[in-house]
Amino acid sequence: MKPLIITTSLVVCLALPITTLAQPNTDQLDQEARSIAKQFLGELKPTLQKSMKSDGPVKTIEVCQVKAPKIAQDLAQKTGWEINRVSLKPRGESAQPDQWETAVLKRFNAQVASGTPPKKIEFSAIVTANNQTEYRYMKAIPTGNVCLTCHGSNLTKPIQEALKEHYPNDTATGYSKGQIRGAFSFSKAL
Ligand code: HEC
């Protein structure tokens with residue numbers, strides 16, 4: 001089944017009899033979402049890099065497991081948005097994409113395949129499902145060199161073992177540089 005995506009204009013049409021429904025300012029919502037993605041990366045990346053340097057990659061797996069969900073939780077509390085990271089090949093507990101996210105992630109992969117720089121790839125829409133209307137935003141997370149230690153094809157034995165211990169159902173390996181590892185996925189009820 002296709003995800004139900006309703007554009008701004010359609011929402012406005014449907015809302016005609018209810019004149020009090022304000023049209024959401026999607027530019028502002030995009031800006032907010034981009035700023036949240038920036039903050040997420042701004043906290044996670046230095047933590048990852050520092051831990052990789054001082055404690056090595058095996059210990060850093062635990063750091064990712066604890067820190068990444070914590071950063072998401074703190075940002076959600078601070079901003080009122082729902083904050084998550086998802087992937088077509090998930091590792092983390094909450095990284096399994098829903099139908100809408102799956103469609104967007106596939107679209108991101110197609111964009112990379114046709115030459116769009118992964119850092120520029122994002123998508124947002126007003127989505128109505130189960131009588132709930134929300135604003136949804138996703139931003140691609142590209143795979144860089146440092147990521148291959150834990151998401152690449154040639155993992156060391158200790159990394160393989162640590163991943164197996166923490167994530168018995170892990171599917172987030174086999175990536176190469178430049179591929180999309182996953183995406184930030186944020187939403188806000190309208
Ligand atoms: C030290 C190992 C390690 C390195 C290096 C690493 N990751 Fe991860 N990554 C993890 C772990 C562990 C998780 C699961 C976190 C959790 O439990 O929420 C994860 C989860 C993710 C997720 C969330 C989606 C999912 O499948 O759970 C994304 C996106 C991601 N990593 C991208 C990256 C990117 C991009 C880089 C490089 C900048 C990177 N990772 C480097 C270990 C690593």
Side-chain angles (χ1 to χ4, degrees), residues 33-78 81-113 116-124 136-187:
R34 285 186 195 120
S35 151
I36 295 169
K38 216 170 163 181
Q39 289 176 61
F40 201 137
L41 260 189
E43 284 201 46
L44 187 57
K45 224 171 179 179
T47 310
L48 180 82
Q49 282 164 344
K50 205 170 139 211
S51 171
M52 287 287 271
K53 255 200 188 135
S54 58
D55 299 321
V58 169
K59 259 265 173 273
T60 303
I61 289 174
E62 287 170 41
V63 174
C64 285
Q65 187 169 29
V66 176
K67 262 281 173 183
K70 173 87 170 74
I71 293 171
Q73 210 180 359
D74 288 351
L75 275 173
Q77 214 157 42
K78 195 170 112 185
W81 285 63
E82 249 185 69
I83 312 280
N84 199 11
R85 292 186 305 167
V86 291
S87 175
L88 291 173
K89 298 206 300 171
R91 171 172 294 167
E93 223 169 75
S94 65
Q96 185 75 48
D98 67 18
Q99 215 170 36
W100 187 84
E101 288 165 328
T102 301
V104 176
L105 284 165
K106 285 184 179 164
R107 177 193 162 114
F108 285 180
N109 280 344
Q111 283 178 280
V112 169
T116 310
K119 277 194 175 159
K120 296 216 161 126
I121 297 179
E122 60 177 359
F123 184 74
S124 62
R136 300 193 72 167
Y137 172 89
M138 284 177 67
K139 182 173 173 55
I141 304 174
T143 310
N145 271 330
V146 64
C147 322
L148 300 179
T149 312
C150 301
H151 294 294
S153 300
N154 299 308
L155 307 185
T156 64
K157 199 98 209 190
I159 293 280
Q160 286 179 28
E161 277 163 14
L163 284 175
K164 210 168 175 183
E165 184 193 331
H166 292 279
Y167 303 94
N169 302 315
D170 183 31
T171 56
T173 56
Y175 285 91
S176 47
K177 194 182 169 195
Q179 284 185 316
I180 289 182
R181 171 64 266 279
F184 291 114
S185 179
F186 308 151
S187 64

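Whatever order the structure lists ligands and atoms in, that order sets their numbers, starting from 1. Positions are given from 1 along the sequence. Everything quoted here is computed from the prediction, not taken from an experiment. Keep in mind that the numbers below use all heavy atoms, side chains included, and drop hydrogens, waters and symmetry copies.
- Within 6.0 Å of the CD atom in E82, the count of heavy atoms belonging to other residues, nucleotides or ligands does not exceed 12.
- The proximity of C64 to ligand 1, defined as any non-hydrogen pair under 4.0 Å, involves the side chain as well as the backbone.
- Annotation: T149 places no N or O atom under 3.5 Å from an N or O atom of ligand 1; distance criterion only.
- Distance from atom 20 (C) of ligand 1 to its nearest protein heavy atom, with residue and atom name: R85 NH2, 3.5 Å.
- The residues R136 and E101 are annotated as salt-bridged, a charged nitrogen and a carboxylate oxygen being separated by less than 4.0 angstrom.
- The pair R34-E122 meets the salt-bridge criterion, since a charged nitrogen lies less than 4.0 angstrom from a carboxylate oxygen.
- Under a 4.0 Å criterion applied to the non-hydrogen atoms of P57, ligand 1 contributes the atoms 1 (C).
- Atoms of ligand 1 found under 4.0 Å from any heavy atom of V146 (numbered from 1 in listed order, with element): 5 (C), 37 (C), 38 (C).
- Listed by number with element, the atoms of ligand 1 under 4.0 angstrom from any heavy atom of A95 are 24 (C), 25 (C), 26 (O), 27 (O).
- Between K78 and D74 there is no salt bridge, since no side-chain N of the basic residue sits under 4.0 Å from a carboxylate O of the acidic one.
- Compare C147, C150, G92 by their heavy atoms: the one nearest to atom 41 (C) of ligand 1 is in C147.
- In summary, the side chains of N84 and S94 do present a donor paired with an acceptor at a separation below 3.5 Å, with no hydrogens or angles considered.
- Here the heavy atom of the protein found nearest to atom 21 (C) of ligand 1 is R181 NH1, 3.3 Å.
- In this structure, a donor-acceptor pair under 3.5 Å is absent between the side chains of Q111 and K120.
- Considering both main-chain and side-chain atoms, R91 comes within under 3.5 Å of ligand 1 through a nitrogen or oxygen pair.
- Of all atoms in ligand 1, numbered sequentially from 1 with element shown, those under 4.0 Å from a heavy atom of P90 are 26 (O).
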Evaluation steps, side chain to side chain contact (heavy atoms under 4.5 Å, CB included), between I180 and I141: CA-CA 6 Å; I180 289 182; I141 304 174; 5.8 Å; no

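- Ligand 1 has no atom lying under 4.0 Å from any heavy atom of G144.
- The shortest N/O to N/O separation between Y167 and ligand 1 falls below 3.5 Å.
- Interface of I141 with ligand 1, defined as ligand atoms under 4.0 Å from a residue heavy atom, comprises 29 (C), 35 (C).
- In the vicinity of T60, heavy-atom distances shorter than 4.0 Å reach the ligand 1 atoms 1 (C).
- Using a 4.0 Å cut-off to heavy atoms of S87, the atoms of ligand 1 that qualify are 26 (O).
- Between F186 and Y137, the two ring planes are parallel [angle under 30°; tilted spans 30° to 60°].
- Residue H151 has at least one N or O atom closer than 3.5 Å to an N or O atom of ligand 1.
- With a 4.0 Å heavy-atom cut-off, ligand 1 is reached by the backbone of P142 but not by any atom from C-beta on.
- In this structure, E62 does not count as a contact residue of ligand 1, since none of its heavy atoms falls inside 4.0 Å of the ligand.
- Salt bridge absent: E161 and K164 never bring a charged side-chain N and a carboxylate O closer than 4.0 Å.
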Where do R181 and S87 land on the side chain to side chain donor-acceptor pair (under 3.5 Å) test, with the steps shown first? CA-CA 7 Å; R181 171 64 266 279; S87 175; 3.0 Å; yes

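- With ring centers used as reference points, F40 lies under 6.0 Å from F184.
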